[in-house]
Amino acid sequence: MCTNIRNRVWIILAILCFSLLICSTKAVVSYDRKALIINGQRRILISGSIHYPRSTPEMWPDLINKAKEGGLDVIQTYIFWNGHEPSPGKYYFGDRYDLVKFIKLVHEAGLYVSLRIGPYVCAEWNFGGIPVWLKYVPGMVFRTENEPFKIAMQKFTKKIVDMMKEEKLFETQGGPIILSQIENEYGPMQWEIGSAGKAYSKWTAAMALGLSTGVPWIMCKQEDAPYPIINTCNGFYCEGFNPNSVNQPKMWSENWTGWFMEFGGAIPNRPVEDLAVSVARFIQNGGSFMNYYMYHGGTNFDRTAGVFVATSYDYDAPLDEYGLLREPKYSHLKELHKVIKLCEPVLVSVDSTMTSLGDKQEAHVFKSKTSCAAFLSNYDTNNAAKVMFGGFPYDLPPWSVSILPDCKTEYFNTAKIRSPSILMKMVPTSTRFLWESYKEEIPSLSDAGTFAQDGLLEQISMTRDTTDYFWYLTEITISSDERFLKTGVDPFLTICSAGHALHVFVNGQLAGTAYGSLSSPKFTFSQKINLRVGTNKIALLSTAVGLPNAGVHYETWNTGILGPATLSGVNSGTWDMSKWKWSYKIGTRGEDMSLHNVTGSSFEEWKEESFVVKDQPFFFIIKKFWAETRNLSQSEITTYKSQPLTWYKSSFATPEGNEPLALDMNTMGKGQVWVNGHSIGRHWPAYKARGSCGRCNYPGIYIEKKCLSNCGQATQRWYHVPRSWLKPFGNLLVVFEEWGGDPSGITLVKRTPQ
Ligand code: GAL
């Protein structure tokens, strides 16, 4: 008997030691209906999205540390397929795309990773993250029951999973990855597509499970995600959400901390009080994993932004675009995370009971034998409430939740902000740019690289998105007996474009510009143009502003001029130009010569813009004179004087200090900017923000884009220049300006607290 007991004790001890040994290095991630279970422990996890290519590797440690300091347990990121596989089978994992480095840094900081492989990601990222070349694989249809797509998707997903396994990055291998996501918000898509969509999502789930990552898979917004895949919620509020199975935890993969900016739109912001309410309500209703989308939004460098998405992806996130703390958002949430952590043991061990404290007031109490936590909520958006709980009175501001980690003391109320606000400003540095310019010539029909074809061609099928620019060239011959020459009424040119912006040149002169918007990328250029007897050169520069990243079969949406294209007001009626023979040219000359980088920029003939910079006072006098004689405002005259299609370059020294730097591009129109060969993205300050700004109507339920600022101003005025891209002296700044601007107004600014 005794020996038996002794033996059993030994066996138990051995098992314990063995599991301790295993658990000390490797953990098992599983879940039940309450929470994710890591290393045997149910956890309440606070997560935040930081997308690695939206900042520089030099910024990563600081961002991750700030996230940790802010009380995050997990960093969530998408994987950006088109950044990693720019051409078929040619992979890239360097610099901002060094995924392994990013994950290892998160691990070193002691945080977990939630890996959203997608590989369709949406994310306001060019083409939703899917490489453009994939569209041109024969028989390809994205995100449905389609063999070519499934083969490519599986290949890339497996590549990522294998890479993570090789680097031992899954939690079961001792790494930080505790979750992975397949697809992205496919539910609504499936609903639209029908049975093929359903078959695809089933296949997707099985494919993911087959990759045996050892950690749970999630599918966001996928109500029928097959067990054991967990359906998760995305939205501004998710307290009412329930997962697809009663055995699964309630998880929130995207709690939108603000919203993204689109060119032509105002700047959205979400009050932290409302964000905090949404988190507290989710947790009080049994939620156990909540991710801020975005915790750091960052920048859409290069041409990575989705269609009409601005270069800044600031998102009103707790860490601003530059990686600085946004206050009081950051600190208020940090307080919230602290108090949630105080409650964690009881939150994961029992279910809550809810009692009503009034018409629109509730108490959610988590009570175990040893501890008690209470959430007192006031859903009244206009009125504060005094409630009695446990025999004590509590004051609840409108639209707020108080958290009592001991069921007595109010440690935190979502609407009572204790952290100070810090406003940031952009302070000009003493850096002066001495510009040289290079005129981008309009291509002529005989130029190398120009090709002719009947009819109008779709832009991306030609450029394959290697450039934003595509030229449509033709000639209009006018005979001397044209009626309009006698009447003096110019003919009308009408060009319909599928997107996204267009500059029309008639005989070398910019006749006008037209563009669409995110909600309506298609637009029509319709204007009188001045034609002369003989041959008139028409050059249409169609520019893409990112590719769509969402929508049913967005890969089939067109870009460029597809017609109708007509000339009306001539003798013979309306000319249909869309069937004409057109000549085409992909990209600009400056791009062909790589003017944006040091080598390219040094072998061309650049002209000094002496009138703009050197004789500045004189220039201003001229401007004033022009303005007065023509009854124009100073800003109009700037546009009047500026030249379309111009490359500008300047060299500059890096300002001292460590404050983040940006370029103030407010006097420019539209184009792209590079610093030392790195693309800082598209600039488009000429696109002014529409929308109705006004007071952010808080307290009140936040509705998408309700809180807007910046109306009437440039959607994006400042463009982040990461310090790590600079050297002390001789930095090369190159700007390509499409439609005109005053480069003498460009300044380098520092972002500092007010
Ligand atoms: C979600 C999507 C994200 C992002 C977000 C808006 O629906 O899953 O990728 O696009 O919207 O910022």
Side-chain angles (χ1 to χ4, degrees), residues 32-36 42-46 233 235-243 245-252 255 271-290 332-333 335-418 698-702:
D32 63 10
R33 68 181 184 84
K34 289 288 291 174
L36 286 181
R42 285 191 186 135
R43 296 294 314 273
I44 300 285
L45 294 169
I46 308 289
C233 186
F236 288 107
Y237 306 98
C238 278
E239 65 279 349
F241 172 83
N242 282 311
S245 149
V246 282
N247 299 323
Q248 293 181 325
K250 187 163 159 162
M251 298 173 65
W252 192 354
N255 182 358
V272 67
E273 297 93 323
D274 182 62
L275 188 53
V277 169
S278 74
V279 177
R281 288 186 73 181
F282 181 68
I283 302 287
Q284 81 179 11
N285 286 10
S288 55
F289 178 100
M290 189 280 317
H332 190 55
L333 295 176
E335 292 303 307
L336 168 65
H337 305 152
K338 266 192 206 150
V339 72
I340 291 174
K341 283 290 133 114
L342 286 176
C343 305
E344 185 178 11
V346 72
L347 294 178
V348 295
S349 51
V350 297
D351 290 332
S352 65
T353 50
M354 195 271 282
T355 45
S356 169
L357 301 177
D359 248 10
K360 294 180 175 166
Q361 293 77 30
E362 284 173 2
H364 291 250
V365 181
F366 296 78
K367 193 168 171 28
S368 72
K369 280 186 193 134
T370 50
S371 43
C372 182
F375 291 66
L376 310 183
S377 319
N378 179 15
Y379 307 136
D380 192 324
T381 52
N382 297 312
N383 303 303
K386 204 173 213 67
V387 295
M388 290 301 289
F389 175 73
F392 294 99
Y394 293 86
D395 288 317
L396 304 178
W399 193 240
S400 78
V401 179
S402 279
I403 305 181
L404 288 46
D406 56 357
C407 281
K408 281 200 188 83
T409 330
E410 177 193 294
Y411 268 58
F412 182 88
N413 175 282
T414 53
K416 297 180 188 168
I417 299 187
R418 287 184 283 239
Y698 181 83
I701 297 181
Y702 174 85

Would Leu36 and Met251 count as a side-chain contact (heavy atoms from CB on, under 4.5 Å) if you check the C-alpha gap in whole Å, the side-chain angles of each, and the deciding distance to 0.1 Å? CA-CA 9 Å; Leu36 286 181; Met251 298 173 65; 4.2 Å; yes
Residues Val346, Cys372; criterion side-chain contact (heavy atoms from CB on, under 4.5 Å); working and verdict: CA-CA 7 Å; Val346 72; Cys372 182; 5.9 Å; no
Check the pair Met290, Ile46 against side-chain contact (heavy atoms from CB on, under 4.5 Å), reporting the backbone distance first and the verdict last. CA-CA 5 Å; Met290 189 280 317; Ile46 308 289; 4.0 Å; yes
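Across all non-hydrogen atoms, the minimal contact from Pro398 to Asn382 is CG-O, 3.6 Å. When all heavy atoms of Arg42 and Val348 are compared, the closest pair comes out as NH1-O, 2.6 Å. Scanning all heavy atoms of the two residues, the minimum distance from Val387 to Leu396 falls at CG2-CD1, 3.8 Å. Residues Pro397 and Ala415 approach most closely at CB-CB, 3.9 Å, considering heavy atoms. The heavy-atom pair separating Ser402 from Asn413 by the smallest distance is OG-ND2, 2.9 Å. Closest approach of Phe282 to Ser288, counting heavy atoms only: CE2-N, 3.9 Å.
Within the 4.5 Å cutoff, side-chain heavy atoms of Trp252 are placed close to those of Ser278. Between Tyr237 and Asp274, some side-chain heavy-atom pair lies under the 4.5 Å cut-off. Looking at heavy atoms from C-beta onward, Thr414 lies out of side-chain contact with Glu273 at the 4.5 angstrom threshold. Put simply, the side chain of Met354 does not reach to within 4.5 Å of the side chain of Phe375, judged on heavy atoms. In this structure, Leu376 and Gln361 have side chains that are not in contact, with every pair of non-hydrogen atoms separated by 4.5 Å or more. Counting heavy atoms from C-beta outward, Trp399 and Thr381 have side chains that approach closer than 4.5 Å. Counting heavy atoms from C-beta on, the side chains of Cys238 and Asn255 never come closer than 4.5 Å. By the 4.5 Å heavy-atom criterion applied to side chains, Gln284 and Ser377 are counted as neighbours.
Within the structure, every pair that satisfies the salt bridge (charged side-chain N to carboxylate O under 4.0 Å, His left out) test and touches residues 359-387, not counting sequence neighbours, is listed here: Lys386-Asp395.
Every residue meeting the side chain to side chain donor-acceptor pair (under 3.5 Å) condition with Asp351, not counting sequence neighbours, appears here in chain and number order: Arg33, Lys34. By the side chain to side chain donor-acceptor pair (under 3.5 Å) test, Thr355 pairs with no residue at all, sequence neighbours left out. With sequence neighbours excluded, the residues satisfying salt bridge (charged side-chain N to carboxylate O under 4.0 Å, His left out) with Glu410 are Lys416. With sequence neighbours excluded, no residue forms a ring pair (Phe, Tyr, Trp, His ring centres under 6.0 Å) with Tyr394.
Put simply, OG on Ser371 and CZ on Phe366 are 11.5 Å apart, with the number rounded to the nearest 0.5 Å.
Looking at Thr409, its side chain never comes within 3.5 Å of a backbone N or O of Tyr411 through a donor-acceptor pair. Between the Arg281 side chain and the Glu239 main chain, no donor and acceptor come within less than 3.5 Å of each other.
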What side-chain donor-acceptor pairs closer than 3.5 Å can you find for residues 335-345, not counting sequence neighbours?
| unit_1 | atom_1 | unit_2 | atom_2 | d |
| --- | --- | --- | --- | --- |
| His337 | ND1 | Gly70 | O | 2.7 |
| His337 | ND1 | Leu333 | O | 3.2 |
| His337 | NE2 | Tyr292 | OH | 2.7 |
| His337 | NE2 | Leu333 | O | 3.3 |
| Lys341 | NZ | Ile44 | O | 3.2 |
| Lys341 | NZ | Asp73 | OD1 | 2.8 |
| Lys341 | NZ | Asp73 | OD2 | 2.5 |
| Glu344 | OE2 | Arg43 | NE | 2.9 |
| Glu344 | OE2 | Ile44 | N | 2.9 |

